[in-house]
Each structure stands twice: as C-alpha cells, then as structure tokens.
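First the structure, in the form of structure tokens, and then the observations on it.
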Amino acid sequence: MRTLVAWPDSQALAGGLAAALGCETLALETRRFPDEELYLCVTGDARDRHAVVVASLDRPDLKFPGLLFLADLLRHEGALSVGLAAPYLAYLRQDTQFQPGEAVTSRTFARMISGSFDWLITVDPHLHRYQSLGEIYSIPNRVLHAAPAVADWIGCNAPAPVLIGPDSESAQWVSDIASRIGAPWLTLEKKRHGDRSVEVSIPNPARLTGRTPVLVDDILSSGRTMIAAARRLVALGHHEITCIGVHAILAGDARAAMHDAGIHRIVTCNTIADPTNQIDLTADLAAAVNAMPPNRA
Ligand code: R5P
C-alpha cells in the first residue's frame, strides 16, 4: 500500500496526487526551535507502506536537511520504501568546476538524496553538461517532460504563436513543443555576464513578423533572461508577449520586473506552487509514481 507525505509548500500538488492515485496521506508538522533547528513529526500510519515524499526543491537550503530527516523518520516508522517526487530538482547548475576550488554541488546533493531515498521522479531537470540524472544519482529515477502539456496550453491560449527559446540550450524543449502544435520557433543568442545580468540578441527578427511571441524556458529564476528577451521584442514593436516557464522560482523582484519589461502574461507549470501555475502536471506525476519500483533496486 502507498502513502503520500507532502513537504508543507507542496501540499496542493500532493493532495491532487493522492486523489489521482487513490492513496492515503500522512500529515507532516514542521517547525523551528528557537535556535532554528528543525522539528518534524508525522501523524498517520507509515508501517508497511511504500511512502512517497512530495517536495519541490526550490529554495533547497530551507528544506535540506529536513528531507533527509523525513526519509529517515518514515523508515523508523516502518515504511517499506521511501520515494521522492520532486517536481523541481535543485542543485544542477554547478555541474563542473568553472573555477579552481569551486564545489560541484550537483554531485554532493545527488549523493545525499540517493543515500536517503529509494527513487526519484522529477520534471525537466536542468541537465546541461550531464546527459542524464543517472550520471550523479545512484537510485532509480524518472524524468518527466512538460512539453506535451505546455504545447496543449499554447494551442488553446495563444493564437498564431512563434515560440522563442532564450538560448541555444532551450532548443531541445522549444523545438519539441513547436513540433507538437506546428508552430515556428527560434532561439536567441544569450550572453550571461552575471547572476542578474543577461544580454540576448535576435538573429533573424523577420521570422517574428505576423506572429505572437511566446517565450519558453525551463526555469524562471531572477527573470533576467526573459526580461532581456522581452526588451528586444518590445523594441521590435511586439506588445503581446507571453512568457512560459516550467519552473516558477521567480526570485526577488522577478515577477514585477518581468511585467515592467513588457511581458503581459507569465504562465508556469505546477512544479513549484505559484499564482502563475496554469499548466497542471498532476496526472503525469501520478502515472510516474505508479510506475516506480516500490523498493530500492
Ligand atoms: C539557464 O540556462 C536556464 O535555462 C534559464 O534560462 C535560467 O535559469 C533563467 O535564469 P534567470 O531567470 O535568472 O535569468
């Protein structure tokens, strides 16, 4: 029998997943002691259950090591296995030493998650220099892609679109989405000068003529990538700019700054709970949880 337990900010998604899977849930209480150490307590029966922790890993430093404590707690309470459904997976950016002395946090993070959980499901992880999660995660894992759901949303909500990926890396998902709806697509040329300093250029602006621009990226973080792209589009006379991101990190002033730059609608998937969530991946995640092996391989 399976039971779900949600990290507090993933409760909405976990509720939908439990309903789709027809399974029980455990309640999780978390709070901080005065010295900021974490207190965790689960209520409900984990004994002889296959537990699934639902936790999106945005703002990971606030949730870690709590997730490791939770996996350990569930085993102590008698769970037969503990899987992790993390629709957004953190710590993939630092996938090499760009400068001597830098920590390759992706590897360390993967090792710690693999040591505590029996399997991992995520959506469109930011794989750049790694070809697959299996290079750093030693547990069974499944990667879902938001492209079919994003394509459906665009098909229903954005007439005559031209899909625009902000950099060459985005070609993989922008081309996939575009081919599903028969829309033209292009990628921009991007130079990142710093965390919040991005420059983009549009190689062939004529391809946008007569079309409504839809910017598509995997992660909306500081929003600076999308802001730089939107400014180019506004300069070309486009005023109906939709921006779609799979994962709505939207750190700091990202949301307001994106609107100020001329983006009139921001749409995201429900991998990170946010008011911009309009694309629901619950059914895909439920099917993936159903397909995971219950025990460690
Ligand atoms: C980078 O390669 C990613 O695909 C995104 O373009 C990036 O994470 C967006 O970051 P920001 O919103 O901070 O520009």
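Note that this is a predicted model, so its numbers are computed, not measured. In listed order, ligands and their atoms are each counted from 1.
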Is the backbone N or O of Ser56 less than 3.5 Å from a side-chain atom of Ser10, with the two atoms forming a donor-acceptor pair by type? yes

Mark yes or no for whether Arg192, through its side chain, and Asp195, through its backbone, hold a donor-acceptor pair below 3.5 Å. yes

Quick check with a 6.0 Å cut-off and a 45 degree axis cone: is Arg111 positioned over the face of Phe109's six-membered ring? no

Is a side-chain donor-acceptor pair under 3.5 Å present for His126 with Asp218? yes

I'd like to know if the side chain of Arg32 reaches the main chain of Glu37, judged simply by a donor and an acceptor atom lying under 3.5 Å from each other, with no hydrogens or angles considered. no

Shortest non-hydrogen separation from Ser81 to His50 and the atoms involved: OG-ND1, 2.7 Å

Set of residues that line ligand 1, where lining means a heavy atom lies under 4.0 Å from it: His126, Asp167, Glu169, Lys190, Arg192, Asp217, Asp218, Ile219, Leu220, Ser221, Ser222, Gly223, Arg224, Thr225

